[in-house]
Novice: 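Got a structure for you, written out below as structure tokens; questions coming shortly.
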Amino acid sequence: MEELAQTQAMYFASLAGGIAFALSGFLAGTKKKLDWMGLFILSFLTANGGGILRDVLTDRTPVILLSNEPFLIALAVTVAGGLFKLQRYDAVENQWLFVICDAVGLVAFAITGALVALAINAPFFGFVTLAFLTAAGGAILRDILVNNVPEVLHSGFYGSIAILVAIAIYLLNMQSMLASASLLGVFAGSLILRLVAFHYRWNLPKP
Amino acid sequence: MEELAQTQAMYFASLAGGIAFALSGFLAGTKKKLDWMGLFILSFLTANGGGILRDVLTDRTPVILLSNEPFLIALAVTVAGGLFKLQRYDAVENQWLFVICDAVGLVAFAITGALVALAINAPFFGFVTLAFLTAAGGAILRDILVNNVPEVLHSGFYGSIAILVAIAIYLLNMQSMLASASLLGVFAGSLILRLVAFHYRWNLPKP
Amino acid sequence: MEELAQTQAMYFASLAGGIAFALSGFLAGTKKKLDWMGLFILSFLTANGGGILRDVLTDRTPVILLSNEPFLIALAVTVAGGLFKLQRYDAVENQWLFVICDAVGLVAFAITGALVALAINAPFFGFVTLAFLTAAGGAILRDILVNNVPEVLHSGFYGSIAILVAIAIYLLNMQSMLASASLLGVFAGSLILRLVAFHYRWNLPKP
């Protein structure tokens, strides 16, 4: 099934997500007065940290190191963000264009994580871990570096989307129903759910 | 010798430790107002982060990913902790039942770390690193995530127990005296030392 | 080319750097009131964390675990630092002896990172990542553990030196001009640049 993760649609979804994630790294960095180099590194790590964690855990050399593209995207986002002084607009992260790209990335990254779990024959919670880590790991590393408690652990309905993606793919695979069409359904459903969750400001309860 | 780490006694010791570690993750998370999902992730990471670091460093796919059990334990601890509102009782971590389970886990995890060092023919400090990291790595990751300076680095006589376990196993192996009986002695001795250290609130000096 | 990284000159450069990095870990730890064990761990991690990250990312068992020497250096630095109460002298990190050893380490570690990138046929940004991470990764891990935003991300002209080393080695290799002599030139040039940057308190601009 891993070739599904390499279709052109997935490529563009990952690209949109990579840009949105890099921008969120840039914005978090400007709040802590990072310099240009620090902003570039934080943008890159936010966009690619999840994939790096996934690859390290599954004992592969991170694919990110073997290509210039992820760096060029983070560099372009940093330069554009800095030149247009995007950090001055508090509302950037609430713009629908940003929210949609971010949600597309969240879902696309969760799917690639779940497909790696499939490839290594992981049990149920292996799907959950790899989908969650691929999708939310970059944001968690970002928050650790700028010294915040990771946002995904205490607010929003965000990491939960990655977990739902993992559950859906696990169940589809168990029923031998995993195919391009059903994966597209998972993608669309999760994306809509994330946008609804954002619009209504869903939060998980706390005990 | 690695089969020693797979005896039933070690299994139950790791289980008791996993539960205590997960509970300490749950409690640390509630102090930072994590939601249910964040609490589950922190519980899981506190219990299993040490083993994951050990496996990544020794270039193995973390065994944790290949089994549902560690997740189910963390999930059960989180749900139970939240339902019984354990975070309301400041004294949970000072209850003897908790302290004993935590100490059993500390010693059991340190032993499995040292036995991995033995298996890869590590030198003396390889034993120390792997024992320390397996036993205390989860608590360090927990403190990094909730934005505290790792407790094990500044107070208590806790990480030192893992280092003493490593030294004992290294010396026993050098004398060709490593066997089930001597390992049981290391276990019992370290456990008692930890409980004494807890009771008398030992701290290491600071320069 | 990797044998270049194993010459005696590189060994002494890494040694000087390891001592300076370990000392900076010791000093950062005393500010957060770590105990002797915590100080030893932080010294060790600051000196060797970069190399460990590099080895984990390139899927090798960290060489550090297979030798006692890095630990003995960190231990000696911690003991000496504590006995001489170096933390009382605010200016330690501004002494020229410290600054030179630290700069030598920065450059030497960046070179070993870039040579690993060469060995795995990494593209341009793989050189940058591995040089930067090997040289600055230890300081970043140190700052994460003591709960600071990594200094290298917001001040000084420090991580940039590692990136320049990577660019120089990448270009030399592309021109088939990578040899002991040209590498010595990179070393000397980067070292002088770092000392000039320190003397004039260079900072990168912020957007």
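What you see below is based on every heavy atom in this structure, not just the backbone, and it leaves out hydrogens, waters and symmetry mates. Quick note on labels: first sequence line is chain A, next is B, and so on, each numbered from 1.
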Novice: Using every non-hydrogen atom in the two residues, find where C:V165 and C:S190 come nearest and quote the distance to one decimal.
Specialist: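 Closest pair (atom of C:V165, atom of C:S190, distance): CG2-OG, 3.3 Å.
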Novice: Counting only non-hydrogen atoms closer than 4.5 Å, does C:L83 touch chain B with its backbone (N, CA, C, O), its side chain (CB onward), both, or neither?
Specialist: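 Neither; nothing under 4.5 Å.
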Novice: Against chain B, label C:I41 side chain, backbone, both or neither, depending on which of its atoms sit under 4.5 Å from a heavy atom there.
Specialist: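 Looking at C:I41, just its side chain touches chain B.
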Novice: Pick whichever of C:V56, C:D59, C:V146, C:I144 has the most heavy-atom pairs under 4.5 Å with chain B.
Specialist: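 Most pairs with chain B among the choices: C:D59.
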Novice: Under 6.0 Å between ring centres, would you say that holds for C:F71 and B:F124?
Specialist: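 No, ring centres 6.0 Å or more apart.
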Novice: Which bit of C:K33 is near chain B, if near means a heavy-atom gap under 4.5 Å: side chain, backbone, both or neither?
Specialist: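 Contact with chain B involves both backbone and side-chain atoms of C:K33.
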Novice: Heavy-atom distances under 4.5 Å only: say whether C:L42 touches chain B with side chain, backbone, both or neither.
Specialist: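 Looking at C:L42, nothing touches chain B.
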Novice: Which pair of heavy atoms, one from C:V104 and one from C:L191, lies closest together, and at what distance?
Specialist: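 Nearest pair, atom of C:V104 first, then C:L191: N-CD1, 3.7 Å.
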Novice: Between C:T112 and C:T134, do the side chains contain an N or O donor and an N or O acceptor separated by less than 3.5 Å?
Specialist: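 Side chains of C:T112 and C:T134: no pair found under 3.5 Å.
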Novice: Report yes if the distance between the aromatic ring centroids of C:F44 and B:F125 is under 6.0 Å, otherwise no.
Specialist: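 No, they do not, as the ring centres are separated by 6.0 Å or more.
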Novice: Please give me the minimum heavy-atom distance between B:F187 and B:I111, naming the atom from each residue.
Specialist: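 The answer is CD1-CD1, 3.6 Å.
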Novice: Counting heavy-atom pairs under 4.5 Å with chain C, which one of B:I120, B:L204, B:N148 comes out on top?
Specialist: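 That would be B:L204.
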Novice: Answer with side chain, backbone, both or neither: which region of C:T78 has an atom nearer than 4.5 Å to a non-hydrogen atom of chain B?
Specialist: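 When you check distances to chain B, no heavy atom of C:T78 falls under 4.5 Å.
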Novice: Tell me which one of B:Y158, B:W96, B:F98 satisfies ring-ring contact (aromatic ring centres under 6.0 Å, His included) with B:F198.
Specialist: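 Single ring-ring contact (aromatic ring centres under 6.0 Å, His included) partner of B:F198 among B:Y158, B:W96, B:F98: B:W96.
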Novice: Where on B:T129 is there a heavy atom nearer than 4.5 Å to chain C: the side chain, the backbone, both, or neither?
Specialist: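 Contact with chain C: side chain only.
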Novice: B:F132 versus chain C, heavy atoms under 4.5 Å apart: side chain, backbone, both or neither?
Specialist: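 Side chain of B:F132 only, per the 4.5 Å heavy-atom cut-off to chain C.
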